[in-house]
Amino acid sequence: MLQEEGPIRFSKIMSTALITMYLGFSAAINLSGALAPLKSFIQRFLQWTELLDPTNLVVSIVQEAWKRSLSTVHPDSSKLIPGPFRPAALLPFTAPMVFLSMLPVKSLKSMILPQVSFYTYSTVFNIVNGNASYDRRPHESILVGAGVIASSTFFGLFPRLFQVRFSLNSILSRNVIPVVILAQLSGMNVVASRSLEPLRGIEVMDKEGSVIGYSRKAGTKAVKDTATSRVVLFGTSAFIPEVFSYFFKRTQFFLQCPWSLWTLKLSCTILVMGLMVPVSFSVFPQIGRIQCSELEKEIQSATEETELFYNRGV
């Protein structure tokens with residue numbers, strides 16, 4: 001027994017050391033790679049198609065560190081992002097929720113679970129993948145998250161309640177308004193769940209990665225850009241399936257097989273989101289840059305750099 005304990009203990013120590021090295025190496029990669037010359041939209045899009053590989057949901061050991069670290073390790077805290085909230089998990093988790101949220105309303109009860117599920121996941125995803133360079137206590141994130149989930153769900157259900165109460169069946173109330181509300185609430189969800197960033201400020205760095213200070217203006221820009229990308233993602237992902245469904249209902253095939261509408265709509269939602277997720281992540285660089293003249297005076301006086309960098313988050 002004693003002879004066996006030695007190799008086992010040694011393997012545990014080596015495993016711990018490897019994981020520690022991976023996290024440290026990942027943080028260095030995130031920082032050095034992020035502050036390299038900014039890539040074009042096409043280059044960012046191609047990179048995100050690799051980072052959204054579903055295998056990134058389970059990887060947690062040293063392998064392909066350059067690619068894996070960008071999608072599994074948070075660039076601010078250098079901690080592993082929980083599997084369900086990594087960027088690669090956004091599509092498989094939210095696509096069914098978006099599909100269910102856009103189904104015709106039969107009763108308010110049938111809409112509660114999809115709305116609660118979608119905004120709960122979105123809120124936690126935004127908090128986990130937001131900027132984590134400022135001082136934030138766990139209970140603050142919980143309180144902010146709970147409030148955002150409750151308010152987002154309420155505003156998501158309110159127009160549906162109106163539709164059921166007054167039996168509104170026009171194209172505007174049944175197809176257009178739900179898409180607009182989903183897109184706008186997705187953007188507002190980012191703004192609300194990451195509201196502490198503009199209030200307390202986030203780290204801004206020079207091109208060498210040295211922290212110059214904390215900027216509320218950089219925090220505001222980071223949240224605004226991310227919210228815009230979410231509006232594009234979920235607005236497009238909800239709108240295009242509705243357009244396809246509108247024309248599909250006028251085909252002879254639909255009259256013969258009405259059930260095929262839901263298969264088409266779900267497939268279309270997954271395909272559109274599969275394209276729009278990397279597109280929305282690529283619209284703005286994850287590491288943004290901002291002119292020093294646009295920041296607070298105390299930051300301007302602390303550096304001679306004309307351009308500084310910050311982590312926008314996902």
Side-chain angles (χ1 to χ4, degrees), residues 45 48-49 52 54 87-123 125 149 152-190 227-283:
F45 175 80
W48 272 113
T49 57
L52 294 172
L90 186 65
L91 172 62
F93 274 93
T94 58
M97 298 177 192
V98 172
F99 167 73
L100 293 173
S101 298
M102 297 305 296
L103 289 178
V105 179
K106 295 182 178 179
S107 65
L108 188 61
K109 291 181 180 179
S110 66
M111 288 304 303
I112 292 178
L113 183 59
Q115 295 285 336
V116 172
S117 301
F118 176 71
Y119 290 115
T120 298
Y121 181 84
S122 296
T123 300
F125 182 91
I149 292 169
S152 298
T153 302
F154 172 77
F155 287 115
L157 288 173
F158 186 75
R160 297 292 191 173
L161 177 62
F162 231 71
Q163 186 178 349
V164 173
R165 177 66 178 81
F166 296 101
S167 301
L168 303 176
N169 291 315
S170 65
I171 294 178
L172 181 65
S173 61
R174 190 177 65 248
N175 302 101
V176 178
I177 292 179
V179 171
V180 174
I181 290 175
L182 178 67
Q184 293 300 318
L185 284 180
S186 298
M188 292 305 299
N189 187 278
V190 175
T228 301
S229 70
R230 281 302 187 280
V231 172
V232 172
L233 168 59
F234 291 112
T236 306
S237 300
F239 176 71
I240 293 181
E242 290 297 320
V243 174
F244 271 87
S245 300
Y246 176 81
F247 289 105
F248 182 72
K249 289 178 181 178
R250 283 152 178 75
T251 64
Q252 190 67 29
F253 184 77
F254 170 72
L255 297 177
Q256 296 175 353
C257 307
W259 54 267
S260 61
L261 174 64
W262 310 123
T263 303
L264 170 74
K265 198 169 183 179
L266 176 59
S267 301
C268 188
T269 301
I270 295 174
L271 288 173
V272 173
M273 281 200 68
L275 175 63
M276 289 306 302
V277 168
V279 168
S280 66
F281 286 174
S282 306
V283 171

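Just so you know, residue 1 is the first one in the sequence shown, and it goes up from there.
Atom CZ of R230 is separated from atom OG of S186 by 8.5 Å, given to the nearest 0.5 angstrom. Interatomic distance, CD of E242 versus SG of C268, reported as 9.5 Å (0.5 Å rounding). One finds the CG atom of L271 at 9.5 Å from the CG atom of L266 (value rounded to the nearest 0.5 Å). Here the straight-line distance linking atom CG of L261 with atom OG of S245 works out to 5.0 Å at 0.5 Å rounding. Put simply, CG on L275 and CD1 on I270 are 14.0 Å apart, with the number rounded to the nearest 0.5 Å. In this structure, the separation between OG1 on T251 and CZ on F248 is 4.5 Å, given to the nearest 0.5 Å.
Contact of the F244 side chain with the T269 side chain is not registered, since no non-hydrogen atoms from C-beta on lie closer than 4.5 Å.
Between S152 and N189, the side chains place a donor N or O and an acceptor N or O closer than 3.5 Å (distance only, hydrogens not considered).
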Hey, can you pull the donor-acceptor pairs under 3.5 Å for the side chains in residues 92-102, sequence neighbours left out?
unit_1, atom_1, unit_2, atom_2, d
T94, OG1, L90, O, 2.5
S101, OG, M97, O, 2.7

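Between A227 and V190, the closest heavy-atom pair is N-CG1, 3.8 Å. Residue S237 comes nearest to M276 through the heavy atom pair OG-CB, 4.0 Å, listed as atom of the first residue, atom of the second, then distance. The two residues A183 and G235 make their nearest non-hydrogen contact at CB-CA, 3.6 Å. Across all non-hydrogen atoms, the minimal contact from I149 to T153 is O-OG1, 2.7 Å. Closest of all the heavy-atom pairs between P241 and T236 is CD-O, 4.1 Å.
Counted within 6.0 Å of OH on Y121, heavy atoms from surrounding residues, nucleotides or ligands total more than 12; the atom is thus considered enclosed. Remark: F155 CZ is loosely packed, at most 12 non-hydrogen atoms of other residues, nucleotides or ligands lying under 6.0 Å away.
The aromatic rings of F118 and F234 lie perpendicular to each other, with more than 60° between the two planes, well past the 30° mark.
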Problem - Full working for side chain to side chain contact (heavy atoms under 4.5 Å, CB included) between L103 and W262 - result: CA-CA 9 Å; L103 289 178; W262 310 123; 3.6 Å; yes
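Using modelled atom types, no side-chain atom of T120 and backbone atom of S117 make a donor-acceptor pair closer than 3.5 Å.
Judged by the 6.0 Å and 45° rule, R250 forms a cation-pi pair with Y246.
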